[in-house]
Amino acid sequence: MCDQKTSYALPVYKDFAIKSQVQIVGTPRLVSDKLYVGICGINPAESCNCDRENVIENGEFDTDLSGWTADDFIWKDGRAAYQFTTGCYTGTIYQECDYNIGYFKVKFAYISDSLFEIVLRIFDDSTMLDEVVIKSIPDSVIHLVETNFSVTTATVNNITFAFKCRSKSDEVGAPYTDGCNNTGDAEKGFYFDKIEVFRTDICEKKLDEDIELKPVCCMYKFITLYDDEQLPVSNPYNLCYSGNFPVILDEKFSANPFDPVTSSNLSFELTFPKKTQLQFYIGSKVYIVSWNTLPITTVAVSGNVYFVKVGYSGADTSSGRKTQFLAFLNDTIDINHSTTSSLVSDTFTIANIPAGSFINNAYGFINTVSSTTPTTKIGKSFYWDGTKLVYYGSAASYQVTANITGLYYNITFDYIANYSDLTGNVIIDDGVSPQTLPITFNSGNGSISIAFTTGATGSNDIKIEIIDSLPHGAGISIDNLKIQETVKFNVTSSTSGDGYATIPVAIYYGQELLDKISELLGIEFNCSFISCCPQPKIEFIVSKDDDDTEFNYSLEQYWDIAQIEFPELLMEGTVAIDECFKYCILDDAKNVIACSNVFKRIFEDCYTTMVEYWNDENAFGFKYPTSLITNLIRLPFYPHGPQFPVTEKFYKESSGIYRRVSTEVEEEYNTEVDKTPIWFHRMLAIALKHDNVLFSSSRIGFFRESISQQGSLDPDWKNTTDAMAKAKFKFKKVLNGNNSNCKSSNSCS
């Protein structure tokens, strides 16, 4: 007679040798705490079964439904059959049990010939503690389901296990109607074959050292939908927009931004009434010229920068200023650069000025300037030091002209500030409605990012102002000035409620919205990320203001997964030879949360093989976010009988001699699988079909050899009542067995 309780212990040889993935399903309560992995020993008298005695009465429904409170379930041929008398969302069947704090496992088997959801609800009296929803497989075959739950409230007196079946909508939203709302006693569609409940934390903990479960945890991704279709990342309204917005200004200050001198002779006149500042860039030197309040001219040098204050002779007249200005040109500029400066009829000329010279005449210090090319860059009390703009004086501004064609823009720049009390403005002047956007600077390295909407397209003057109220007279520089188009997100609604983080209804520019999402998540926004912390649900709608287009945004959780990776720990002293045990996940208090299937320590490994397998992408229900996620386990099968199939080609010469064209030698092994239950054969078949499979076997001297299993794995079920069966399969090993005489061993010249 078939023993449905037959279990099989997987072998572990000598040292720990297991790496595995743990799929966390249902309520992801396991990811909120620090987790560990331990060893639970099992009393051999219990036949390697770590589960406690089943506490459910009449869980196999042998003759009736005694012990159960059933609503819309009837007994039928040894099963609890769903009767469908009052609609689809009915069918409660439960028992009340008294439990203390602990961890529990629910096992049940079902048959379903329609698509339903099985809802398991855990109650403390009338308060629901937990819910697990499982979609049935509608193939009229018995399916076994296992799920776990915990009781953490000390005052719990009883727990009610309420199983409900409800109709599941099909792909286009229409409900399944098969069996729904029928009257009478006809059962239809769904049957419970067995229900069991076990306590799972009673194993003797043999090892609970800090072997941490390494969480890969939850992967989240922001998606954007338009008309129920996912918006491509090439669309600017996708939060994960991968393209580049049009850049209308990208000033890295790697070149001088001011007016280049285009001739070897620079001629100009002074402006009266006298103006504030003038900058010469000659050779590698910078001359910042202003008027002195004293009759003497002073020159202060800092590195390659000359701070010049031009004095005057006699009264403060244009004649006196000109005389002193010429003296500055002769005594400083001409001496440093071998130029010849002169003054004829109010016109100054600097002859033989070196190529690559510039002037910055932002204040109009000189006029009637010849031999320069004016730019749109206006720097007041800013000078260029070769890599960035440096502020000096009590106030400063830098202005550029940009040609604006769109609506929404973002201006960014980096800065270095020596003080924390500097403020400023970004002024957008479209010639119609100028905007003044305040900014503040922190001490040290920083950046400014401001979004703005233009009132008119075409030429716009963009000005950055520094407000130095003390003044410090220096202490800040700016770099990497960029202006580029962006989009505006008009958030018109956002889902709220339990578990949701709500985005306030408002208009956001791109970075503003990303900053708001980062604030809600507690981490910097990334369109996809892995987090070990529970994340809130985020769902909101953005409407375009120029039409009725709506975009739907949501943060989706893709999977929960963790990695067990034991170090090389000796089992000696922990698990004895021939002893059964389980690998268990422990919480931060070292309480057992869940256990693996049963393992057994062996000493003789001749008839076992170590298998390491992983995939290049998610497959077979396994998740492989990186190549570091692999599975490693010793299994009860062994390779034997290597064969070397040969594929070869010859040709026969006229003399009768045979010549070899090519030969390919392969290495193929037969494999014998021990007598094991069906679940083992199912898992082995899946493991062998991964993209990467390595075998280690002391029997044939394999160590992490790459193999390719081809064909099927066919268990040999001798009798219809067999619970376990042997199996055979073949695999090929990589062998450098090619010989081709079509290829020359000499390189061609």
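Hydrogens, waters and symmetry mates play no part in the numbers below; they use all other heavy atoms, side chains included.
Between Phe441 and Phe413, the ring-plane angle classifies as tilted under the 30° and 60° cut-offs. Ring planes of Phe325 and Phe348: perpendicular class, angle over 60° (limits at 30 and 60°).
Taking the six-membered ring for Trp and the full ring otherwise, Tyr241 and Phe245 have centroids separated by under 6.0 Å. Between Tyr237 and Phe489, the distance from one ring center to the other falls under 6.0 angstrom. The distance between the ring centers of Phe258 and Phe358 does not fall below 6.0 angstrom. Between Tyr287 and His337, the ring center distance clears the sub-6.0 Å criterion.
Heavy atoms only, all atoms of each residue included: Arg321 and Gly311 are closest at NH1-O, 4.2 Å. Nearest heavy-atom pair across Asp479 and Lys252 is OD1-O, 3.1 Å. The shortest heavy-atom contact between Leu278 and Ile366 is CD2-CG2, 3.9 Å. Looking at every heavy atom in both residues, Asn336 comes nearest to Lys285 through ND2-CD, 4.0 Å.
Between Asp461 and Lys463 there is no salt bridge, since none of the side-chain N atoms of the basic residue sits less than 4.0 Å from a carboxylate O of the acidic one. The pair Lys544-Glu550 does not meet the salt-bridge criterion, since no charged nitrogen lies less than 4.0 angstrom from a carboxylate oxygen.
For the pair Asp430 (side chain) and Ser433 (backbone), a donor-acceptor distance under 3.5 Å is present. Within the 3.5 Å criterion, the main-chain N or O of Leu231 finds no donor-acceptor partner in the side chain of Thr224.
Side-chain polar atoms of Asn480 and Asp414 form a donor-acceptor pair below 3.5 angstrom. Looking at Ser394 and Asp468, their side chains never bring a donor and an acceptor atom within 3.5 Å of each other. The closest side-chain donor-acceptor pair between Ser341 and Asp334 falls under 3.5 angstrom. Looking at Gln277 and Tyr383, their side chains never bring a donor and an acceptor atom within 3.5 Å of each other. Under 3.5 Å, the side chains of Gln511 and Tyr509 contain no donor-acceptor pair of N or O atoms. A side-chain donor-acceptor contact under 3.5 Å links Ser449 and Asn410. No hydrogens or angles considered: a donor-acceptor pair under 3.5 Å links the side chains of Thr375 and Asp259.
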Distance-only donor-acceptor pairs under 3.5 Å for side chains of residues 349-357, two or more places apart:
unit_1, atom_1, unit_2, atom_2, d
Thr349, OG1, Ser267, OG, 3.1
Ser357, OG, Pro354, O, 2.7

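The structure places CG of Leu422 at 10.5 Å from CG of Asn442, a figure rounded to the nearest 0.5 Å.
The only option from Val542, Leu520, Thr495 that meets the side chain to side chain contact (heavy atoms under 4.5 Å, CB included) definition with Ile503 turns out to be Leu520. Considering Phe253, Trp384, Tyr415 in turn, Phe253 is the only one that fulfils the ring-ring contact (aromatic ring centres under 6.0 Å, His included) rule with Tyr398.
Side-chain contact check for Phe328 versus Ile333: some heavy-atom pair is nearer than 4.5 Å. In this structure the side chain of Leu270 reaches within 4.5 angstrom of the side chain of Trp291, judged on heavy atoms.
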